[in-house]
Amino acid sequence: MSDHGRTPDQLSRVMDKRIDRRALLRGGATGAATLSAAGILGARGAHRVGAATAQQSAECSGEDITITYGFWNAEQRPAVEAQIEAFRKQHPNIKVEPQVVPFADYFTKLQTGIAGGSTNDVFWMNGPNFGVYASQGALADLSTITGEGGVDPAAYPQSLIDLYTFEDKLYGVPRDFDTIGLYYNKDLFDAAEVEYPTAEWTWEDLRSAAEKLTDTERGQFGYGSTLSAQQNLYNFVYQNGGRILNEEGTQALLAEPEACDAIRFLTDLMTSKVSPDVATQQGNNPYQTLFPAGLIAMMPGGSWHAGRLHEANPAIAVAPLPRSKQQASVIHGLANVVWAGSPHQCEALEFVKFLGSQEAEEILAETATVIPAMNGLQETWKAAVPEMDLQVFLDAVDYSVPYPTAPTGAEWESNLNDVIVEAWSGGIPQDEVCQRAAEAVNDALKPQ
Amino acid sequence: MPGVSRQLAGVSVMAIAPVANEARARGRAGPRRQARTQALWGYLLIGPMMLGFAVFFLFALIVSLGLSFTDWNVLASPNWVGLDNYARLLSDTAFQQALRNTAVLSVPHVVLRIAFSLALAIALNSQIRFRAFYRTIFFIPVLTMPVATGTVWKWLYDPSYGPINYALGQLGLPRPAWLSNPNTALMAVVIVLLWSGVGYDMIIFLAGLQNIPRDYYEAAQLDGAGRWRQFRDITLPLLTPTTFFLVVVAVIHSLQVFDLVYIMTEVEHTTTNQFPTIVYYIYDEAFRNFRMGYATTVAWVLLILILLFTLLQFRLQRRWVHYT
């Protein structure tokens with residue numbers, strides 16, 4: 001980075017930081033002791049040092065440095081590598097190593113890594129987990145790279161900026177967003193002579209089409225009622241005017257009639273066998289196997305599946321989710337964050353700044369990887385798979401509802417899943433499901 | 001097997017220490033110096049092992065005991081909560097479920113494992129063709145990584161597309177949802193545990209069988225004992241020390257089942273497990289629900305359980321184990 005084009009104000013800020021660094025160096029032996037102590041004590045100690053280093057971010061050493069970038073979706077690796085390559089052109093001395101950890105183990109590994117004082121310098125964060133990490137001081141404050149020449153929060157949807165703000169400070173640069181649509185297999189619809197789904201479809205339309213499209217002989221299911229609540233259950237609750245959690249994320253509202261009817265509607269689809277049962281879904285990710293293979297006719301799914309599903313089976317198209325009292329789709333978006341304990345704070349921040357740039361976001365759009373979070377790039381994403389009506393996902397933003405989150409983390413979701421799995425396997429009487437679900441979720445929302 | 005190497009290391013410590021003491025006791029200057037050198041070498045040789053043991057085992061053990069009285073969530077500093085974690089165990093239904101699952105898994109696992117491996121060892125100790133080949137075949141599963149084993153078996157058990165249910169369907173038999181129903185999941189997990197564990201026990205039994213002097217059998221034959229009589233009165237009693245060792249190991253092994261249930265019985269897209277065991281529960285609490293303090297409490301309860309079971313078995317061995 002050169003000093004060209006900096007305003008006097010910015011320059012004085014840079015000066016301040018230089019002084020800070022000098023002050024830090026003056027600490028001398030004490031500083032070194034703190035550093036080594038940080039290494040041993042892990043997250044808490046490291047955090048303090050991390051915050052101090054962040055202050056001097058504008059100036060990187062220029063040495064050859066390798067930082068690591070952690071994320072969980074291996075399907076997005078090509079796009080991530082393209083981003084890294086583009087970054088490398090601007091910063092030849094900073095090498096970024098991509099590290100994929102499957103989602104099931106992602107947060108486990110992250111948490112242990114932070115506790116052990118060694119994890120990825122930059123990594124993906126999601127809404128449900130953000131609160132826990134930000135409140136424990138594991139993430140670096142990004143205020144030093146926001147503003148002119150850096151990340152511009154106004155370039156992103158406000159809901160995503162809000163999602164990654166904790167106590168008025170931004171800790172994550174929005175990367176992408178996703179909404180949910182109804183994917184369907186045109187070949188199976190044609191064969192069964194059923195009309196394609198439309199934006200006007202109601203739950204009843206979905207159910208009757210699903211019944212017609214179910215062919216037990218062939219092992220074909222009408223609807224894939226996935227256990228991924230973000231792509232299935234939550235949307236139905238909102239469509240019915242219900243809610244998952246209260247505003248503060250401290251209480252479950254699943255026992256209310258609106259939410260409960262949605263749970264029952266899906267439970268019904270499971271027990272009447274128009275959807276593959278839990279046992280079948282247990283070992284088969286329907287998005288990777290059953291649906292592309294033409295064994296499921298309709299599948300609710302996130303926008304991030306679009307590119308790959310089209311590639312796997314060109315007969316797959318997409319329509320809006322059906323409605324009940326209203327249209328609704330869950331909206332969620334990932335962010336890139338910096339580990340507060342990273343020894344290469346400056347380089348890590350520089351990389352996140354790049355990931356928040358138009359150039360990096362365009363890479364995500366052109367490869368149809370995900371919908372970029374930055375305003376104005378969504379059309380590029382849409383054009384990447386012209387055969388599919390991806391406008392469906394962009395329209396969904398207008399009737400979208402934020403992914404439900406709670407300050408206590410994501411445990412409530414795992415409790416909810418336990419109940420849903422049992423109910424969909426037929427292990428809980430219909431009239432007890434909602435009450436049990438609400439109780440299980442409330443268990444995890446209690447402050448501990 | 002890490003357990004075995006640990007035991008071997010234990011043996012070497014015990015073997016060396018008395019030698020050193022004995023030498024010291026002799027009292028003369030020359031031998032004493034010699035003894036000291038010997039002891040020094042002994043300590044030097046066990047040093048690396050003891051260091052690793054102290055750092056990664058003893059230290060961790062003590063720290064975890066301390067943590068079991070705190071609310072440590074890994075990210076923030078721990079707070080002392082006294083016996084709260086232990087009290088919580090009493091009302092924690094998920095913990096009790098995991099404990100029950102582990103118990104119902106242990107009984108058939110231990111019994112069948114001993115029975116099958118003994119039968120295999122006896123069969124493969126007789127003079128049959130391709131004996132070495134069969135021994136290798138039965139031992140190979142022991143060398144396979146549990147994660148790979150679990151992944152392949154999960155596919156074999158697939159209710160709709162797996163070969164097992166395909167075969168059952170062809171035979172007109174019911175096709176169970178193996179891994180999704182706690183009862184069949186129990187069976188499925190025990191089958192895989194046996195498949196991957198019997199080979200090891202078989203080898204130990206084979207060694208035990210080959211240690212029985214042939215003349216016992218010859219003498220018995222002269223006295224007119226039949227094959228069954230020989231098996232009951234010579235083979236079984238003389239194998240009891242081996243059996244005892246294998247039972248102790250199998251019980252510990254049963255109480256520590258984790259990887260198989262983590263791979264096989266967890267539901268895609270969720271963190272719901274159809275057959276959580278006690279170690280799985282520790283993992284879930286510690287690393288997914290951020291309750292490291294509580295998880296160490298469960299780990300300590302498990303340690304005490306294993307200790308109790310092992311002590312009990314050492315007590316009971318006097319009644320049935322014969323040492324020659």
Side-chain angles (χ1 to χ4, degrees), chain A residues 41-44 47 103-105 107-112 114-116 129 132-133 135-138 219 226-232 276-290 293 295 408-411 413-422 424-427 443-444 448, chain B residues 71-79 81 84-85 88 92-94 97 150-162 165 169 175-182 184-185 188 262-276 283-294:
Chain A
L41 293 175
R44 279 186 85 74
H47 169 227
F103 188 74
D105 307 316
F107 285 98
T108 305
K109 212 174 162 194
L110 181 62
Q111 177 202 1
T112 348
I114 288 173
N129 286 286
V132 175
Y133 286 89
S135 65
Q136 306 281 0
T226 170
L227 287 156
S228 158
Q230 178 191 3
Q231 299 177 84
N232 196 21
D277 57 13
V278 173
T280 304
Q281 289 188 47
Q282 179 164 336
N284 298 287
N285 182 337
Y287 296 101
Q288 282 164 9
T289 55
L290 306 181
L295 292 172
T408 47
E411 190 189 354
E413 273 198 297
S414 115
N415 286 9
L416 173 60
N417 272 324
D418 290 350
V419 175
I420 296 296
V421 164
E422 201 179 336
W424 287 4
S425 314
D443 259 358
Q448 328 202 331
Chain B
D71 64 353
W72 195 39
N73 73 355
V74 176
L75 295 174
S77 342
N79 298 308
V81 294
D84 281 11
N85 287 338
R88 183 184 173 154
D92 184 349
T93 50
Q97 181 62 48
T151 309
V152 171
W153 275 92
K154 182 179 183 180
W155 177 74
L156 292 174
Y157 279 128
D158 191 294
S160 315
Y161 311 102
N165 273 8
R175 298 151 43 101
W178 286 103
L179 301 171
S180 310
N181 172 322
T184 48
Y262 176 71
I263 300 289
M264 295 195 342
T265 58
E266 209 167 85
V267 182
E268 191 86 31
H269 283 302
T270 71
T271 52
T272 299
N273 199 306
Q274 307 275 24
F275 194 77
Y283 166 81
D284 208 34
E285 285 293 292
F287 298 106
R288 281 188 178 146
N289 297 335
F290 293 84
R291 280 193 286 264
M292 190 60 86
Y294 183 56

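Computed over heavy atoms, backbone and side chain alike; hydrogens, waters and symmetry mates excluded. Chain identifiers are assigned alphabetically (A, B, ...) following the order of the sequence lines, protein sequences preceding nucleic acid strands; residue numbering begins at 1 within each chain. Just so we're clear, the structure is a prediction, and the values are computed from it rather than from any experiment.
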Polar side chain donor-acceptor pair, Asp418(A) to Thr272(B), under 3.5 angstrom:
yes
Ser135(A) portion near chain B, given a 4.5 angstrom heavy-atom threshold
neither
Interface moiety of Gln111(A) toward chain B, non-hydrogen atoms closer than 4.5 Å
both
Check the side chains of Tyr262(B) and Asn273(B) for a donor-acceptor pair under 3.5 angstrom, ignoring hydrogens and angles.
no
Between Thr280(A) and Asp277(A): side-chain donor-acceptor atoms closer than 3.5 Å:
yes
Engaged part of Leu295(A) at the chain B interface, taking heavy atoms whose separation is under 4.5 Å:
side chain
Would you mind checking if Lys109(A) and Asp105(A) are paired as a salt bridge, meaning a charged N to carboxylate O distance below 4.0 Å?
no
Most chain A-contacting option - heavy-atom pairs closer than 4.5 Å, from Ala94(B), Ala286(B), Ser180(B)
Ser180(B)
If you count heavy-atom pairs within less than 4.5 Å of chain B, which of Asn285(A), Asn284(A), Leu416(A) leads?
Asn285(A)
Can you tell me which of Met292(B), His269(B), Gln274(B) forms the most heavy-atom pairs within a distance under 4.5 Å of chain A?
His269(B)
Checking heavy atoms, do the side chain of Tyr157(B), its backbone, both or neither come under 4.5 Å from chain A?
neither
Most heavy-atom pairs under 4.5 angstrom with chain A, which of Asn181(B), Val267(B), Asp158(B)?
Val267(B)
Mark yes or no for whether Asn165(B), through its side chain, and Pro159(B), through its backbone, hold a donor-acceptor pair below 3.5 Å.
yes
Pair Glu266(B) + Arg288(B): basic N to acidic O under 4.0 Å
yes
Option that, when pairs with chain B are counted at under 4.5 Å, heavy atom only, ranks first among Leu227(A), Thr108(A), Val278(A):
Thr108(A)
Run the salt bridge (charged side-chain N to carboxylate O under 4.0 Å, His left out) test against Glu268(B) and tell me which residues pass, sequence neighbours left out.
none
